[in-house]
Colleague: 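Once you've had a glance at the structure underneath, I'll fire off some questions.
Letters A, B, ... mirror the listed sequences (proteins, then strands); counts begin at 1. Note that the coordinates shown come from a computational prediction; the quantities given were computed from them, not determined experimentally.
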Protein chains: 2
Amino acid sequence: MRVKIADVARLAKVGAGTVSRVLNGSRNVSPETREKVEACIRELGYMPNLVARGLAANRTGMISAIIPAIGYTQHAEVMQGLSDVLHENGIQLMIGHCGYSIEREEQIVTDFLERRPDAFYLTGAWHTPQTRRLIEASGLPVVECSNLTDNPIDSVVGYDNYEGARQMVHLLHSRGHRRMAIVTNAVDPNDRMADRLKGFWLRRANLVWTWTASSSATRIAF
Amino acid sequence: MRVKIADVARLAKVGAGTVSRVLNGSRNVSPETREKVEACIRELGYMPNLVARGLAANRTGMISAIIPAIGYTQHAEVMQGLSDVLHENGIQLMIGHCGYSIEREEQIVTDFLERRPDAFYLTGAWHTPQTRRLIEASGLPVVECSNLTDNPIDSVVGYDNYEGARQMVHLLHSRGHRRMAIVTNAVDPNDRMADRLKGFWLRRANLVWTWTASSSATRIAF
DNA sequence: TTGTATGCGTTATCAG
DNA sequence: CTGATAACGCATACAA
């Protein structure tokens, strides 16, 4: 049996509540008792059980994130940065990958909700109605990332894929270019790509649209 | 307040234990009551609280994995595969990245243990004594991956980096090659790389050793 | 087969 | 400032 708060309390001759207060850095504890408790914690090698804490405090210290693929650089870097900052604050990341499928995203959201995360990170602003319903019903904070939207679930962090593409084509066109091509990964469409394509088509000039067969095998022929 | 087992039990006019048994697919429940309970579960939109379950059952359904970096393809692919299979079985992955630092690995192991995972996945077989102590004391199943070792903590899945390198050099040498070069990432040494270098040095010939300044910027000059 | 009661380790409430 | 004590939501041993 692992050492728990009660053991620390007994050794320190204090109540369990006091140990808990020391653990959570409450201000309402005298320096002497705090020191005594901390000594006992070290002596017993006490290690808090965050599962129990999560149940009691109704706060797990976990944030769930869903990205298309773990190995996809763009998202991996975001996850790494997120994870770093969160970890410094005692929060862990729960990562799921949906492979550009919003149905799979819905499944992951369903499963993740059972673990009672404190917040959600979603990629893109394109979800199934049920996904949106579930998350809104949960009342959890949400960040949708990678694309802007007019009606976010909660908050969005992203850029305007449509406007970016439009400006690119506009620039090229204003410089006299007339034959342009798009090389992209069209295997699994998503809202970010859709917006970019919309931006391109605004001034299509002589547009050649090709795509990579997969993210690794490129096939181009004009 | 979210709907819990007690609510389902009340609606179905059964005991909480029965609902729990239905949830966990116990064989000891009559088809009629099972069906009735499942109907009530759907009607109420009941969603189990895995935090509470984890505390009661002493099993969280989470496995923690530590890799050097999330975006590093080799490990990302393993995480993705792991995650897929585990997810099918209701288990979630808790990923941490240590950036090739075994001290950071130790810190992550310490933090992860508080979340009571059911198992550990570690990259490499090179850890701090404290890391090994902590994990052994936890009694959790462990897989060390990417490199073989003679005294694993628990079990190992990997290949012999030393022997692989040795055989490569041997082959080249036997074909008459005498000037060879190693291009590698020497920023953060680890046991896998150490083993490979050992294998190269066995038959060094005229060995030129260079390295990439970082994983993205390559600098080679012979 | 089913219901009841107890425990899991913490936090939080409420008196002292 | 501190100590009991009641939740938290579920699993499980024990009875029925």
Colleague: Output the rounded distance in Å from CZ (Arg10(B)) to P (dC10(D)).
Modeller: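 Value for this atom pair: 12 Å.
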Colleague: Under 4.0 Å between any heavy atoms, over every strand shown, what does Ser20(B) touch: base, sugar-phosphate, or nothing? Just pick one.
Modeller: base
Colleague: Roughly how many Å is it from CZ in Arg59(B) to P in dC10(D), rounded to a whole number?
Modeller: 16 Å
Colleague: Nearest-Å distance, CD1 (Ile5(A)) to C1' (dT11(C))?
Modeller: 8 Å
Colleague: Judged by atom type as modelled, is there a donor-acceptor pair below 3.5 Å linking the side chain of Asn190(B) to the main-chain atoms of Tyr100(B)?
Modeller: no
Colleague: For DNA chain C, whose closest nucleotide is more 5', that of Glu32(B) or that of Ala56(B)?
Modeller: Glu32(B)
Colleague: Between atom CG in Leu23(B) and atom C1' in dC10(D), what is the gap in whole Å?
Modeller: 9 Å
Colleague: From CD of Glu35(A) over to C1' of dC1(D), roughly how many Å is that when rounded to an integer?
Modeller: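 Taking CD of Glu35(A) and C1' of dC1(D), I get 17 Å after rounding.
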Colleague: Check for a donor-acceptor pair, side chain of Gln80(B) on one end and backbone N or O of Ile70(A) on the other, with a separation under 3.5 Å.
Modeller: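 Judged by distance alone, yes, a pair lies under 3.5 Å.
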Colleague: Taking NZ from Lys4(B) and C1' from dC8(D), how many angstroms apart are they, rounded to a whole number?
Modeller: 8 Å
Colleague: If you find the nucleotide of DNA chain D closest to Ala57(A) and the one closest to Arg34(A), which residue's nucleotide is nearer the 5' end?
Modeller: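 With Ala57(A) and Arg34(A) compared, the 5'-side residue is Arg34(A).
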Colleague: Check this one for me: any side-chain N or O of Ser30(A) less than 4.0 Å away from OP1 or OP2 of dT2(D)?
Modeller: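 Affirmative; the distance criterion is met.
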Colleague: Quick one: are Tyr46(B) and Leu23(B) in side-chain contact, heavy atoms under 4.5 Å?
Modeller: yes
Colleague: Which of these, Asp160(B), Asn147(B), Asn161(B), sits in a side-chain hydrogen bond (donor to acceptor under 3.5 Å, both in side chains) with Arg196(B)?
Modeller: Asn161(B)
Colleague: For dT2(D), does either OP1 or OP2 sit under 4.0 Å from a side-chain N or O belonging to Thr18(A)?
Modeller: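 Result: no.
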Colleague: Give a yes or no on whether a donor-acceptor pair under 3.5 Å exists between the nucleobase atoms of dG3(D), that is its base, and the side chain of Arg21(A).
Modeller: yes
Colleague: Any side-chain heavy-atom pair from Pro117(B) and Leu140(B) closer than 4.5 angstrom?
Modeller: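 Contact flag for Pro117(B)/Leu140(B) side chains = yes.
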Colleague: Counting just side-chain N and O atoms, does Arg53(A) come under 4.0 Å of either OP1 or OP2 of dG9(C)?
Modeller: no
Colleague: Mind checking if Leu55(A) touches a base, just sugar-phosphate, or nothing, with heavy atoms under 4.0 Å?
Modeller: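 Here Leu55(A) touches the bases of the nucleic acid.
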Colleague: Which nucleotide, dT11(C), dG9(D), dC1(D), lies nearest any side-chain atom of Asn28(A)?
Modeller: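 Selected nucleotide: dC1(D).
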Colleague: Contact class for Asn24(B) vs. all strands (heavy atom < 4.0 Å): base, sugar-phosphate, or nothing?
Modeller: sugar-phosphate
Colleague: So Val14(A), base contact, sugar-phosphate only, or nothing? Heavy-atom distance under 4.0 Å.
Modeller: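 If one applies the 4.0 Å heavy-atom cut-off, Val14(A) turns out to touch the sugar-phosphate alone, with no base involved.
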Colleague: May I have the distance from Asn58(A) (atom CG) to dA6(D) (atom C1'), rounded to whole angstrom?
Modeller: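 Distance check: Asn58(A) CG to dA6(D) C1' gives 16 Å.
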Colleague: Whole Å only: how far is the CD atom of Glu114(A) from the P atom of dC10(D)?
Modeller: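 Taking atom P of dC10(D) as the reference, CD of Glu114(A) is at 10 Å.
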